[in-house]
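Since the model is a prediction, treat every value here as computed from it, not as a measurement.
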Amino acid sequence: MPPAKQYWLMKTEPSEYSIQDLAKEPHKSTHWDGVRNYQARNFMRDKMKLGDLVLVYHSNAAPPGVAGIAEISQESYPDFTSWDKNNKHFDPKSTQANPRWFMVDIQLKETFKHLIPLEHLRTVPALAKMELLRKGSRLSVQPVRKKEFDTISQIAAKQ
DNA sequence: GCCAACGTTGGC
DNA sequence: GCCAACGTTGGC
């Protein structure tokens with residue numbers, strides 16, 4: 001039996017890269033480069049599996065919120081932008097022989113008709129324990145419970 | 001291993 | 001632009 005599908009949330013600043021940018025990519029997919037946090041890296045490197053579903057979250061936006069759903073289309077491999085001196089996320093301690101940072105590919109499944117604002121998510125009882133809503137939470141790649149994912153999908157379906 | 005200093009995230 | 005809450009770095 002295949003392992004149960006897992007659910008995630010990944011943040012992006014729409015001024016840098018938005019869900020609309022993802023929609024314009026060939027095959028609507030891209031590599032999720034630039035994550036430079038160990039906990040977030042570990043989720044991508046060790047836990048994310050093909051077919052897992054991802055909530056795409058717009059941070060540092062007006063308003064911030066969940067913009068749509070994507071799917072893991074390629075499991076982890078080294079984030080090659082860490083080797084590029086000219087890249088914003090260059091890390092001299094990451095080498096090809098011993099890569100420090102990893103990424104996955106995601107493919108867009110659905111752009112919500114309307115973004116679901118963070119402010120609204122905070123009012124939904126079923127989401128009370130979401131990592132995103134925890135005070136001081138900054139993790140840019142985080143696990144989401146199935147119940148939470150389904151709740152957000154249903155909110156999107158009704159809008 | 002402690003912890004001060006510094007850098008970053010991200011809501012507001 | 002502010003700033004609270006974090007994460008990382010590096011001296012000791």
Side-chain angles (χ1 to χ4, degrees), chain A residues 6-25 30-48 52-72 76-106 108-145 147-149 151-156 158-159:
Chain A
Q6 305 174 100
Y7 303 89
W8 307 96
L9 180 145
M10 295 167 98
K11 297 179 185 174
T12 182
E13 300 197 17
S15 62
E16 298 288 322
Y17 191 88
S18 70
I19 199 165
Q20 288 77 21
D21 293 324
L22 177 57
K24 288 177 202 151
E25 302 279 4
T30 192
H31 52 267
W32 206 254
D33 64 278
V35 172
R36 297 291 180 269
N37 169 281
Y38 290 106
Q39 209 181 340
R41 176 203 67 181
N42 292 347
F43 284 132
M44 290 199 294
R45 187 189 60 186
D46 305 333
K47 303 288 186 190
M48 284 187 173
D52 284 359
L53 294 176
V54 179
L55 297 170
V56 178
Y57 181 84
H58 280 179
S59 62
N60 251 314
V66 179
I69 296 171
E71 168 174 20
I72 304 298
S76 73
Y77 57 104
D79 180 344
F80 50 75
T81 67
S82 70
W83 304 326
D84 176 2
K85 282 196 183 68
N86 298 317
N87 191 282
K88 181 179 173 183
H89 302 290
F90 173 67
D91 180 355
K93 291 176 181 165
S94 179
T95 63
Q96 299 209 25
N98 191 14
R100 173 175 293 211
W101 303 111
F102 289 78
M103 59 187 172
V104 297
D105 289 357
I106 68 170
L108 183 64
K109 292 206 75 175
E110 179 187 354
T111 301
F112 294 159
K113 193 170 170 195
H114 304 290
L115 173 137
I116 305 173
L118 177 63
E119 187 182 29
H120 177 64
L121 299 179
R122 291 194 187 284
T123 69
V124 180
L127 303 179
K129 290 187 176 173
M130 249 190 116
E131 166 68 15
L132 179 74
L133 306 184
R134 202 175 52 79
K135 182 175 160 63
S137 165
R138 302 193 325 192
L139 202 54
S140 64
V141 174
Q142 53 182 261
V144 171
R145 295 174 187 84
K147 180 179 83 171
E148 295 161 349
F149 184 91
T151 299
I152 290 173
S153 298
Q154 284 161 24
I155 293 169
K158 283 187 213 151
Q159 61 188 5

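Each of A:Ile19, A:Ile152, A:Ile155 was compared with A:Phe112 under the side-chain contact (heavy atoms from CB on, under 4.5 Å) criterion, and only A:Ile152 meets it. The residue from A:Leu139, A:Leu55, A:Val56, A:Val141 that alone fulfils the side-chain contact (heavy atoms from CB on, under 4.5 Å) condition with A:Met10 is A:Val141. Tested against A:Glu71, the residues A:Val54, A:Ile106, A:Leu53 include a single side-chain contact (heavy atoms from CB on, under 4.5 Å) partner, A:Leu53.
Along DNA chain C, the stretch of nucleotides lying under 4.0 Å from any heavy atom of chain A spans, 5' to 3', C:dA5 to C:dT8.
Annotation: A:Gln159, atom CD; neighbour count of heavy atoms from other residues, nucleotides and ligands within 6.0 Å is above 12.
Taking the side chain as every heavy atom from C-beta outward, A:Arg134 and A:Gln142 never approach each other to under 4.5 Å. Within the 4.5 Å cutoff, no side-chain heavy atoms of A:Ser15 are placed close to those of A:Asn60.
Direction of the helix axis in the helix from B:dG1-C:dC12 to B:dC12-C:dG1 shifts by 10° between the two five-pair termini, rounded to 10°.
The salt bridge (charged side-chain N to carboxylate O under 4.0 Å, His left out) search around A:Arg122 returns none, not counting sequence neighbours.
The distance from atom CD of A:Gln6 to atom CZ of A:Phe149, rounded to the nearest 0.5 Å, is 12.5 Å.
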Just do the side chain to side chain donor-acceptor pair (under 3.5 Å) check on A:Arg36 and A:Thr81 with the steps written out, would you? CA-CA 11 Å; A:Arg36 297 291 180 269; A:Thr81 67; 3.2 Å; yes

Kindly determine whether A:Arg45 and A:Tyr38 satisfy side chain to side chain donor-acceptor pair (under 3.5 Å), including the steps that lead there. CA-CA 10 Å; A:Arg45 187 189 60 186; A:Tyr38 290 106; over 6 Å; no

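The stretch residues 127-142 of chain A touches DNA chain C through A:Lys135, A:Gly136, A:Arg138, each having a heavy atom under 4.0 angstrom from the strand. Scanning residues 38-46 of chain A for heavy-atom distances under 4.0 Å to DNA chain C yields A:Tyr38.
Residue pairs meeting the ring pair (Phe, Tyr, Trp, His ring centres under 6.0 Å) criterion with at least one member in residues 77-100 of chain A, sequence neighbours excluded, are A:His31-A:Phe80.
Classified by interplanar angle (parallel below 30°, tilted 30° to 60°, perpendicular above 60°), the ring pair A:Trp32/A:Tyr17 is perpendicular.
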